[in-house]
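Structure, as structure tokens:
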Amino acid sequence: MNSMYFTEEHISFRESFKEFLQKEVVPHINKWEKEGTIERFIWTKFGEMGYFGINQPEEDGGLGLDLFYTVIFLEELQKINSGGFAAAMWAHAYLAMTHLNKEGDARIKKAYLTPSINGEKIGCLCISEPFGGSDVAGMRTNAVKKDDTYVINGSKTFITNGVYSDYLVVAAKTNLEEKHKGMSIFIVDRNTPGISSTKLDKLGWRASDTAEIAFDNVVIPAENLMGEEGKGFPYIMQHFALERLIMAINAHARAEYAVDYVLKYMSEREAFGKTLDQFQALRHKVAEMASKVDMCREYNYSITKRLDDGAYVVKEASMSKMLSTKIADEVIYDALQLLGGYGYMEEYPLARLLRDSRLGPIGGGTSEILKEIIAKMIIDKKEYKPVS
Ligand SMILES: Cc1cc2nc3c(=O)[nH]c(=O)nc-3n(C[C@H](O)[C@H](O)[C@H](O)COP(=O)(O)OP(=O)(O)OC[C@H]3O[C@@H](n4cnc5c(N)ncnc54)[C@H](O)[C@@H]3O)c2cc1C
């Protein structure tokens with residue numbers, strides 16, 4: 001473990017979290033993967049253990065810890081090999097809850113953030129729409145102010161925790177004439193009349209529920225606006241730096257899991273009278289895989305440190321997501337090959353890992369969109385600034 005970033009406290013947190021996952025989560029994973037539902041008791045247990053609050057303020061019930069605890073949380077979730085379970089947990093804790101923390105007022109924090117930290121309420125973040133996910137500012141869902149309410153109409157899709165969550169953090173247009181400046185963020189309670197969710201079937205992330213959500217004249221109190229009206233787009237972009245880094249860390253962690261698994265497998269499996277790890281071609285393949293993972297991990301740690309120190313690392317987080325997710329896919333593809341026919345079997349971990357990994361270059365900003373952003377920053381010298 002890299003001691004430049006991890007203290008004794010971090011290391012003991014990792015050990016206890018690993019133990020917790022093995023005891024409380026791993027025995028249920030295959031069931032949740034099959035049923036596409038994560039039972040409620042585990043959310044409560046995560047809450048009781050304080051895991052949802054590791055980077056949330058102490059005054060709201062969190063632990064206020066540095067981002068390397070988040071790194072450990074994410075890495076260890078990847079290493080139990082259910083991208084879907086991991087996604088449900090981090091989408092709640094880092095997509096929905098980040099908006100509650102940063103833009104929610106005291107009332108919203110009390111009603112939603114603290115219960116989210118405790119594992120009593122589950123959240124989701126609704127940005128992508130059926131008409132387009134990459135063009136965030138082109139969204140059509142709208143919120144019209146009427147007296148002391150907003151009325152929301154429209155639809156969202158591919159929303160993680162979109163079926164079973166208790167509340168929704170929703171991006172909607174408050175001014176349809178404007179693109180970037182016409183968007184706002186709202187907290188919407190699941191029980192509000194007019195909301196319906198349809199569960200989607202998908203290639204991987206099978207333990208997590210992914211939904212299309214319709215909003216049909218959903219009336220919410222005007223005080224459910226989070227932050228300022230018209231600032232939704234910059235809020236989303238600001239948090240994308242953390243979200244992208246999270247997806248990059250997930251990528252290096254699952255690739256590392258694949259390399260570790262393959263090393264063990266190759267030391268045991270024999271062909272032509274010797275173990276696989278004695279064939280030069282395969283040794284070189286593993287050397288290449290391990291090197292790529294190491295490069296990603298070290299880069300991601302250094303960007304985490306800068307983000308934790310308060311730097312606005314939007315370019316670096318975009319770079320790290322773009323490359324780490326690509327490398328994870330390559331490494332996992334090669335790892336599956338090294339298992340031969342067993343790689344293709346559900347009984348072995350690589351089949352699920354390959355499916356789950358494929359979402360990396362798509363979700364939270366596709367690789368193509370990230371290249372656009374990076375190109376604008378390095379060629380056109382465009383600067384993205386945090387919201388003041
Ligand atoms: C399992 C899963 C979970 C998800 N969870 C969430 C969630 O919790 N909340 C949420 O809001 N969203 C979520 N998403 C949505 C995800 O962020 C979007 O799928 C993603 O942003 C891409 O949007 P899209 O699918 O509409 O693709 P499109 O925008 O239709 O893009 C289609 C293709 O065209 C490319 N493309 C588009 N524009 C350009 C361009 N200008 N230049 C070059 N190429 C371009 C894209 O890269 C892509 O390859 C999830 C998606 C999945 C699959």
Side-chain angles (χ1 to χ4, degrees), residues 33 36 38 82-100 116 122-141 154-173 179-180 183 185-188 190 197-215 232-233 235-237 239-240 242-244 246-248 250-251 254 317-318 321-322 325-326 329 352 354-376 379-380 382:
E33 281 278 322
I38 295 161
S82 169
F85 177 77
M89 298 297 126
W90 64 255
H92 165 65
Y94 293 95
L95 302 191
M97 284 168 62
T98 298
H99 281 278
L100 296 181
S116 295
I122 305 172
C124 65
L125 177 63
C126 307
I127 297 174
S128 304
E129 301 200 346
F131 303 103
S134 300
D135 181 12
V136 173
M139 68 171 54
R140 299 183 189 179
T141 298
S155 53
K156 298 287 174 182
T157 197
F158 306 142
I159 306 306
T160 303
N161 297 337
V163 182
Y164 303 118
S165 53
D166 303 294
Y167 64 87
L168 307 90
V169 175
V170 180
K173 280 282 175 74
K179 268 204 107 179
H180 301 87
M183 194 186 300
I185 304 279
F186 300 90
I187 178 90
V188 180
R190 166 73 61 180
S197 290
T198 311
K199 197 166 178 170
L200 302 170
D201 196 7
K202 55 196 188 296
L203 174 71
W205 280 25
R206 296 194 67 85
S208 73
D209 59 299
T210 306
E212 180 158 345
I213 305 175
F215 298 85
F233 189 77
Y235 292 146
I236 292 168
M237 291 301 134
H239 306 328
F240 265 166
L242 175 63
E243 187 184 331
R244 285 171 184 161
I246 285 173
M247 294 196 72
N250 289 340
R254 66 178 171 269
S318 303
K321 179 183 183 281
M322 178 189 67
T325 56
K326 179 170 183 271
D329 276 0
R352 183 189 296 162
L354 184 84
R355 283 198 301 268
D356 287 351
S357 186
R358 193 58 189 86
L359 197 264
I362 298 171
T366 64
S367 297
E368 291 78 11
I369 293 299
L370 296 179
K371 285 177 200 170
E372 275 297 299
I373 292 168
I374 297 163
K376 278 184 195 154
I379 299 169
D380 307 333
K382 185 175 165 77

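Only this structure's heavy atoms are used, side chains among them; waters, hydrogens and symmetry mates stay out. We count ligands from 1, going down the list as the structure has it; atoms in each ligand are counted the same way. In this chain, residues are counted from 1 in sequence order.
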Report, in ascending order of atom number, the atoms of ligand 1 lying under 4.0 Å from any heavy atom of Gly364. 17 (O)
Verdict with supporting geometry, Glu33 and Ser82, side-chain hydrogen bond (donor to acceptor under 3.5 Å, both in side chains): CA-CA 8 Å; Glu33 281 278 322; Ser82 169; 2.7 Å; yes
I'd like to check Lys326 versus Pro361 (side-chain heavy atoms, cut-off strictly below 4.5 Å). Are they in contact? no
Taking non-hydrogen atoms only, is Ile127 closer than 4.0 angstrom to ligand 1 via side chain, backbone, both or neither? both
Give the residue and atom name of whichever protein heavy atom lies nearest to atom 20 (C) of ligand 1, and the separation in Å to one decimal. Ile362 O, 3.5 Å
Proximal ligand 1 atoms for Gly132, defined as those under 4.0 Å from one of its heavy atoms: 26 (O)
Distance from atom 18 (C) of ligand 1 to nearest protein heavy atom, with residue and atom: Ser128 OG, 3.9 Å
Considering only non-hydrogen protein atoms, determine which one is nearest to atom 24 (P) of ligand 1 and report residue, atom name and distance to 0.1 Å. Gly133 N, 3.7 Å
What is the distance from atom CD1 of Ile362 to atom CE of Met247, rounded to the nearest 0.5 Å? 9.0 Å
Would you say Glu129 and Thr141 are linked by a side-chain donor-acceptor pair, where the criterion is simply a distance under 3.5 Å? yes
Are the side chains of Phe215 and Lys156 in touch, meaning some heavy atoms are under 4.5 Å apart? yes
Answer with side chain, backbone, both or neither: which part of Leu359 has a heavy atom less than 4.0 angstrom from an atom of ligand 1? side chain
Which of these, Ile187, Ile185, Val188, Leu125, sits in a side chain to side chain contact (heavy atoms under 4.5 Å, CB included) with Val170? Val188
The test is salt bridge (Lys or Arg N to Asp or Glu O under 4.0 Å); show your working for Asp201 and Arg206 and say whether it passes. CA-CA 8 Å; Asp201 196 7; Arg206 296 194 67 85; 3.1 Å; yes
Going by a strict under-4.0 Å cutoff (protein heavy atoms only), does atom 7 (C) of ligand 1 have a neighbour on the protein? yes
of all protein heavy atoms, closest to atom 42 (N) of ligand 1 is Glu372 CG, 4.3 Å
Would you say Glu368 has any N or O atom under 3.5 Å from an N or O of ligand 1, going by distance alone? yes
Distance filter under 4.0 Å to Ile159 heavy atoms, resulting ligand 1 atoms: 7 (C), 8 (O), 9 (N), 10 (C), 11 (O)
Hey, does Asp135 come in under 3.5 Å of ligand 1, counting only N/O atoms on both sides? no
Distance check, rounded to the nearest 0.5 Å: Phe131 atom CZ versus Ser155 atom OG? 5.5 Å
Identify which of Thr366, Leu200, Thr157, Leu125 has a heavy atom lying nearest to atom 22 (C) of ligand 1. Thr366
Side chains of Ile373 and Met237: closer than 4.5 Å at any heavy-atom pair? no
What protein heavy atom sits nearest atom 27 (O) of ligand 1, and how far off is it? Ser134 OG, 4.1 Å
Are side-chain heavy atoms of Val136 and Met183 found at a separation under 4.5 Å? yes
Can you tell if the side chain of Ile127 reaches within under 4.5 Å of the side chain of Ile236, non-hydrogen atoms only? yes
N/O separation below 3.5 Å, Glu129 to ligand 1: no
min-distance protein heavy atom vs atom 40 (C) of ligand 1 -> Ile369 CD1, 3.9 Å
Tell me, which protein residue and heavy-atom name are nearest atom 14 (N) of ligand 1, and how many Å apart are they? Phe158 O, 3.3 Å
Can you tell me if Lys321 uses its side chain to pair, donor with acceptor, with the backbone of Ile246 under 3.5 Å? no
4.0 Å protein heavy-atom contact status of atom 33 (C) of ligand 1, strictly under: no
Under 4.0 Å from atom 30 (O) of ligand 1, is there at least one protein heavy atom? no
